[in-house]
2 protein chains.
Amino acid sequence: MENNSDNNSDKQTVSFSALDTLVGYKIRRAQLNYFNHFQATFAEDGVSPGQFGVLSIVAENPGLTQTAVAQALGNDRSAMVAVVDRFEKDGLIERRPVENDRRSYALYLTDAGTDYYASLYAKAREHEARFDAIMTPEEKGWLLDILQRLADVS
Amino acid sequence: MENNSDNNSDKQTVSFSALDTLVGYKIRRAQLNYFNHFQATFAEDGVSPGQFGVLSIVAENPGLTQTAVAQALGNDRSAMVAVVDRFEKDGLIERRPVENDRRSYALYLTDAGTDYYASLYAKAREHEARFDAIMTPEEKGWLLDILQRLADVS
DNA sequence: TATTGTTATACTCTATAACTATA
DNA sequence: TATAGTTATAGAGTATAACAATA
């Protein structure tokens with residue numbers, strides 16, 4: 001084993017003065033931890049955070065086109081194809097023709113998809129409880145508000 | 001143009017009830033916005049947030065090995081090689097042999113690297129000001145604390 | 001046996017460009 | 001001309017596995 005006092009390699013004593021005052025670094029670490037937990041929770045379902053987001057938007061906004069869902073989530077529409085293909089194949093999402101515009105598909109959850117999303121959402125809420133536990137409801141409301149403001153900085 | 005009232009494709013009216021109560025979704029959006037701004041600010045320098053993190057850790061903790069820096073940042077040590085190669089080639093970071101352990105290299109900023117990091121850090125602080133502007137100092141202190149707690153959830 | 005730096009590799013996420021069919 | 005869905009592709013980021021040198 002090396003002598004930690006010489007080369008400063010003891011992890012506990014590493015200085016983060018600069019990074020610890022930048023929102024960007026801490027927010028990345030927090031987000032990575034959250035997503036890793038989320039992935040672990042939904043590993044058996046094979047649903048990623050992004051896929052859960054698509055299901056959630058379609059569940060709450062039936063009839064949106066693929067492009068509209070992509071825009072709502074801030075993604076490129078090309079990224080929707082594989083996600084919708086997968087959920088359509090699983091019988092959870094339906095692509096329905098849009099009258100008056102044969103270029104578009106309107107997205108709807110099937111009955112199975114509605115049930116499936118309900119179970120995923122319940123699981124997501126259980127998962128969220130682990131993170132809710134480290135703050136008060138007031139703090140969480142305030143955190144969500146600040147995160148929204150950070151997302152809106154232009 | 002399609003009829004928005006029929007297929008619910010007006011972005012302003014999309015419902016996010018579920019996602020808006022999950023920390024994970026909002027934190028991802030906030031982090032993406034922050035990182036996009038960061039990338040734009042440092043585009044001329046060609047420095048990513050992760051690369052800035054490496055420089056910052058080495059600047060504050062001269063003599064750490066590559067593996068120690070990777071552990072401090074929560075990355076795999078294999079990811080360090082390309083980053084250190086690049087900064088070494090640019091004459092900003094030095095790999096020095098570690099006495100008593102010929103497997104390791106201790107990392108140090110060169111004089112040029114020290115100056116360069118100082119300028120990058122000043123730029124990062126200017127960049128941060130855009131995000132500091134949307135909250136009070138008290139709020140920021142509290143935000144950093146909450147983010148740390150989120151990162152520590154196990 | 002274990003660890004460091006390294007290489008090769010693969011996987012996810014994401015964005016861009018171009019194509020087609022439609023508008 | 002412009003847009004929706006699609007496809008191919010490429011880049012960044014990250015992780016794993018294996019190797020040689022060294023501990």
Side-chain angles (χ1 to χ4, degrees), chain A residues 1-4 7 9 11 24-25 28-29 31-33 35-36 38-40 42-43 46-54 63-86 88 93-107, chain B residues 1-4 7 9 11 24-25 28-29 31-33 35-36 38-40 42-43 46-54 63-71 73-88 93-107:
Chain A
M1 283 296 150
E2 75 281 6
N3 181 335
N4 288 344
N7 65 7
S9 66
K11 191 182 177 187
Y25 178 69
R28 173 171 168 269
R29 299 304 292 265
Q31 193 239 328
L32 277 176
N33 191 43
F35 271 47
N36 286 339
F38 192 99
Q39 298 266 21
F42 291 94
V47 174
S48 70
Q51 291 166 344
F52 178 83
V54 170
L64 285 185
T65 63
Q66 289 186 195
T67 295
V69 173
Q71 285 177 342
L73 291 169
N75 299 326
D76 191 86
R77 68 187 195 273
S78 64
M80 292 291 300
V81 181
V83 178
V84 177
D85 279 355
R86 174 254 169 101
E88 187 180 46
I93 278 186
E94 257 186 293
R95 282 179 167 107
R96 293 191 203 159
V98 172
E99 54 179 345
N100 304 328
D101 191 344
R102 284 183 296 169
R103 296 172 303 181
S104 308
Y105 295 114
L107 302 180
Chain B
M1 278 297 152
E2 75 280 7
N3 181 337
N4 286 345
N7 65 7
S9 68
K11 191 182 176 187
Y25 178 69
R28 172 170 168 269
R29 299 303 293 265
Q31 194 238 328
L32 277 177
N33 191 44
F35 270 47
N36 286 340
F38 191 98
Q39 298 265 23
F42 290 94
V47 174
S48 71
Q51 291 166 344
F52 178 83
V54 170
L64 285 186
T65 63
Q66 289 186 195
T67 295
V69 172
Q71 285 178 341
L73 292 168
N75 299 324
D76 191 85
R77 66 186 196 275
S78 64
M80 292 292 300
V81 181
V83 178
V84 177
D85 279 355
R86 173 256 168 100
F87 287 132
E88 187 180 47
I93 279 185
E94 256 185 294
R95 283 180 168 106
R96 294 190 202 160
V98 172
E99 54 179 343
N100 303 328
D101 191 343
R102 284 183 297 171
R103 296 173 303 182
S104 308
Y105 294 114
L107 302 180

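Labels below follow one simple rule: chain letters A, B, ... track the order of the sequence lines, proteins then strands, and each chain is numbered from 1.
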Practice problem: Just compare C:dA21, C:dA15, C:dG5 and give me whichever is closest to any side-chain atom of A:R103. | Solution: C:dA21
Quiz item: A:R77 versus A:Q66: any side-chain heavy-atom pair under 4.5 Å?
Solution: no
Quiz item: Rounded to the nearest Å, what distance is computed from the CG atom of residue A:L64 to the P atom of nucleotide D:dG5?
Solution: 11 Å
Practice problem: Take the angle between the ring planes of A:F38 and A:F52 and call it parallel below 30°, perpendicular above 60°, tilted in between. | Solution: perpendicular
Practice problem: May I have the distance from B:F38 (atom CZ) to D:dA12 (atom P), rounded to whole angstrom? | Solution: 16 Å
Quiz item: So do the side chains of B:N33 and B:R29 get within less than 4.5 Å of each other, counting heavy atoms only?
Solution: no
Quiz item: Between B:A79 and A:M80, which has a closest nucleotide on DNA chain D that is more 5'?
Solution: A:M80
Self-check item: Interatomic distance, B:Q39 CD vs D:dA12 P [rounded to whole Å]
Solution: 10 Å
Self-check item: B:R77 vs C:dT7: side-chain N/O to OP1/OP2 distance below 4.0 Å
Solution: no
Quiz item: Counting side-chain heavy atoms from CB outward, which of D:dA23, C:dA15, C:dC13 is closest to A:D76?
Solution: C:dA15
Quiz item: Got B:V54 and B:M80 here, is their nearest side-chain heavy-atom distance under 4.5 Å?
Solution: yes
Quiz item: Whole Å only: how far is the CG atom of A:D101 from the C1' atom of C:dA21?
Solution: 11 Å
Exercise. Write down the distance between CZ (A:F35) and P (D:dA15), rounded to a whole number of angstrom.
Key: 15 Å
Quiz item: Starting at the 5' end of DNA chain C, which residue's closest nucleotide do you reach first, A:N75 or B:D85?
Solution: B:D85
Quiz item: Within this structure, what is the CG-to-C1' distance between B:N100 and C:dT4, rounded to whole angstrom?
Solution: 15 Å
Quiz item: Between A:Q66 and D:dT6, does any side-chain N or O lie under 4.0 Å from OP1 or OP2?
Solution: yes
Quiz item: Expressed in angstrom and rounded to an integer, what is the separation of B:L107 atom CG from C:dT4 atom C1'?
Solution: 12 Å
Quiz item: Is any side-chain heavy atom of A:D85 closer than 4.5 Å to a side-chain heavy atom of A:R95?
Solution: yes
Self-check item: Distance-only donor-acceptor test, B:S104 side-chain atoms vs D:dT22 base atoms, 3.5 Å
Solution: no
Exercise. Please evaluate the base of D:dT3 for a donor-acceptor partner in the side chain of A:T67 within a cut-off of under 3.5 Å?
Key: no
Quiz item: Are the side chains of B:E88 and B:L107 in touch, meaning some heavy atoms are under 4.5 Å apart?
Solution: no
Quiz item: Does the D:dT22 base have a donor-acceptor partner in the side chain of B:R102 within less than 3.5 Å?
Solution: no
Quiz prompt | A:S78 side chain near D:dG5 phosphate (N/O to OP1/OP2, under 4.0 Å) | solution = no
Quiz item: Of A:N36 and A:R95, whose closest DNA chain D nucleotide lies nearer the 5' terminus?
Solution: A:R95
Quiz item: Out of D:dG13, C:dT6, D:dT6, which nucleotide sits closest to the side chain of B:V81?
Solution: C:dT6
Quiz prompt | Length of the line joining A:L32:CG and C:dC13:C1', which is rounded to integer Å | solution = 13 Å
Exercise. Compare side-chain N and O positions of A:R28 against OP1 and OP2 of D:dT14 and report whether any pair is under 4.0 Å apart.
Key: yes
